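A quick write-up on the structure given underneath.
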Protein chains: 2
Amino acid sequence: MATRTRRSQRRTQALSRERIVEAAVELLDAAGESGLTFRALTERLATGPGAVYWHVANKDELLGAATEGVVAAALAADPTEPAGSPQDGIRAVALGLAGAIEEHPWLATQLAVQLSRNPWGTVTARIFESIGRQVRALGVPESSWFTATSALLHYILGAAGQNAVNAGVPGPGTDREEFLGAVSTAWKELDPDDYPFTRAVADQMREHDDREQFLAGIDFVLTGITTLHPPAGRPGTPPASRETGTP
Amino acid sequence: MATRTRRSQRRTQALSRERIVEAAVELLDAAGESGLTFRALTERLATGPGAVYWHVANKDELLGAATEGVVAAALAADPTEPAGSPQDGIRAVALGLAGAIEEHPWLATQLAVQLSRNPWGTVTARIFESIGRQVRALGVPESSWFTATSALLHYILGAAGQNAVNAGVPGPGTDREEFLGAVSTAWKELDPDDYPFTRAVADQMREHDDREQFLAGIDFVLTGITTLHPPAGRPGTPPASRETGTP
DNA sequence: ACCTGAACACCGTTCAAGT
DNA sequence: ACCTGAACACCGTTCAAGT
């Protein structure tokens, strides 16, 4: 969509790093990871590869910039909700990321790649900061800030990464139900000796709701954090649970 | 290492899918993701691309098979420890995977890729089963098995994925300390308005121990699970915490 | 059934040359 | 300073031909 300057038409907008990254995101959204090539990119930008290389070091940097741009947009979103509990704040960050992955399915893989390649880069820092502020608001003692925030970060990224593809399907959920049904059936046909547990939860797997699962996991981590590292200032304060933290 | 049949020497071992996957793992270990090409693979196997394609559909399948093989080996390991608490069992599974990633750094990215591409494939099932058995042993009510196991799976994969690279460095830790020091310094130079929290934990980040962090996160999830879903059979049983679960 | 290896289409990247 | 575009080295994959 948007203003698409097709080939043969001379470029009207000056080339810039931002414009290049924007085009890269569009290509990724439209055709997935394999859709981003320098040939497709230069055609869309009506230029040559040398021009792109003037603004961007290589394809890895381009993918990193695309990832960071999309993550930054996802975390900067919704100034609608003013405050709410810290627990809700963390859920909002997590759901914001999950939403970004739903809009840009390539983000799941790319987030993982960026993370394992550059574990403490700018992408991580952005997410870390968003979660950390809520951890601080939670009253976690300062000495546990890094530990608690890291745990939340890891859970969110792990869960978001896996739930990406099933969420990517359109429609009201028919495709998704079919998919989960197929997996569930496959699980029931696993070797009873090797996979007794997986077979036993095949039905739960079919019926599960991604979003609910995602939030349940966050509640586990939050409960663990507030139980093992209760607020220091107010000694009598009980650990906050899902029930008390949600409106 | 191992028996390396170099080029010009005719193949002595018959070609098979297993032999191909084994060679792929060797190439990945030696030179990383970019080291696995069909040209390097066919040279090492003293054959042509057509022969490889007879046993394997394409490169994606080859990478998937390599990932699954390494994961299976990691989870099948150590029959030395007989039992221990379920908590220790989960820690063993998690540390086993972390160890595999340390031995095969490409596994971190590849695990994420496999997971986001094929969320409920055989690789996931293997890990899921290993964790799930411990969850069952934990006394979690059956209706919560899938939720609890998924949460652990996601945390472990997210954490293992990120900690891969720093763990990849050799030596007694000097390189690693230098790396963490550099990141810590970079964090302190972030914009005070945009990154107050990240700046505040820069020192904790420098001093943190990967393994300790990893286990602390598992304890959060375990505590959350046993708190929110206590064993059904024995109503009075208190939730197991790290202290009681570790010898 | 299993393997050979030349050939194909395509990719990321470079660089001398232009403005 | 910024852009052009031909050229290069390399990649995954195919397929007619062999055994």
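In what follows, every chain begins at residue 1, and chains take the letters A, B, ... in the order their sequences are listed. Owing to the predicted nature of the structure, the values given are computational and were not obtained by experimental measurement.
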d([atom1], [X]; [atom2], [N]) in whole Å:
X      : N      : atom1 : atom2 : result
L15(A) : dA1(D) : CG    : C1'   : 13 Å
L41(B) : dC3(C) : CG    : C1'   : 15 Å
R17(A) : dC3(D) : CZ    : C1'   : 18 Å
R19(B) : dC2(C) : CZ    : P     : 18 Å

Self-check item: Option passing side-chain contact (heavy atoms from CB on, under 4.5 Å) with T67(A) (candidates L107(A), L115(A), T122(A))
Solution: L107(A)
Exercise. Hey, can you tell me if F38(A) and Y53(A) have their rings parallel, tilted or perpendicular (30° and 60° cut-offs)?
Key: parallel
Exercise. Using the P atom as the reference point in each nucleotide, state the distance between dC2(D) and dA17(C) in Å, no decimals.
Key: 22 Å
Quiz prompt | dT14(D): pairing nucleotide in any strand, Watson-Crick or G-U under 3.5 angstrom | solution = dA6(C)
Quiz prompt | Mate of dA1(C) where both pairing distances stay under 3.5 Å, Watson-Crick or G-U | solution = dT19(D)
Practice problem: Would you indicate, yes or no, if dC3(D) has its OP1 or OP2 atom less than 4.0 angstrom from a side-chain nitrogen or oxygen of H55(A)? | Solution: yes
Quiz item: Does W54(B) make a side-chain N or O approach to OP1 or OP2 of dC3(C) shorter than 4.0 Å?
Solution: no
Quiz item: So does E129(B) pair up with R133(B), basic N to acidic O under 4.0 Å?
Solution: yes
Quiz item: Salt-bridged, K188(B) to D203(B), with N to O below 4.0 Å?
Solution: yes
Exercise. Using a cut-off of 6.0 Å, state whether more than 12 heavy atoms not belonging to E61(A) lie near its atom CD.
Key: yes
Output one line per pair: protein atom, nucleotide atom from nucleotides 11-13 of chain C, and distance, for all N/O pairs under 3.5 Å.
unit_1  : atom_1 : unit_2 : atom_2 : d
dC11(C) : N4     : R39(A) : NH2    : 3.4
dG12(C) : OP1    : K59(A) : NZ     : 2.6
dG12(C) : OP2    : F38(A) : N      : 2.9
dG12(C) : N7     : R39(A) : NH1    : 2.9
dG12(C) : O6     : R39(A) : NH2    : 2.9
dT13(C) : OP2    : Y53(A) : OH     : 2.7
dT13(C) : OP2    : K59(A) : N      : 2.9
dT13(C) : O5'    : Y53(A) : OH     : 2.9

Quiz item: When T147(B) is tested against each of Q204(A), H208(A), E212(A), Q213(A) for side-chain hydrogen bond (donor to acceptor under 3.5 Å, both in side chains), which residue passes?
Solution: Q213(A)
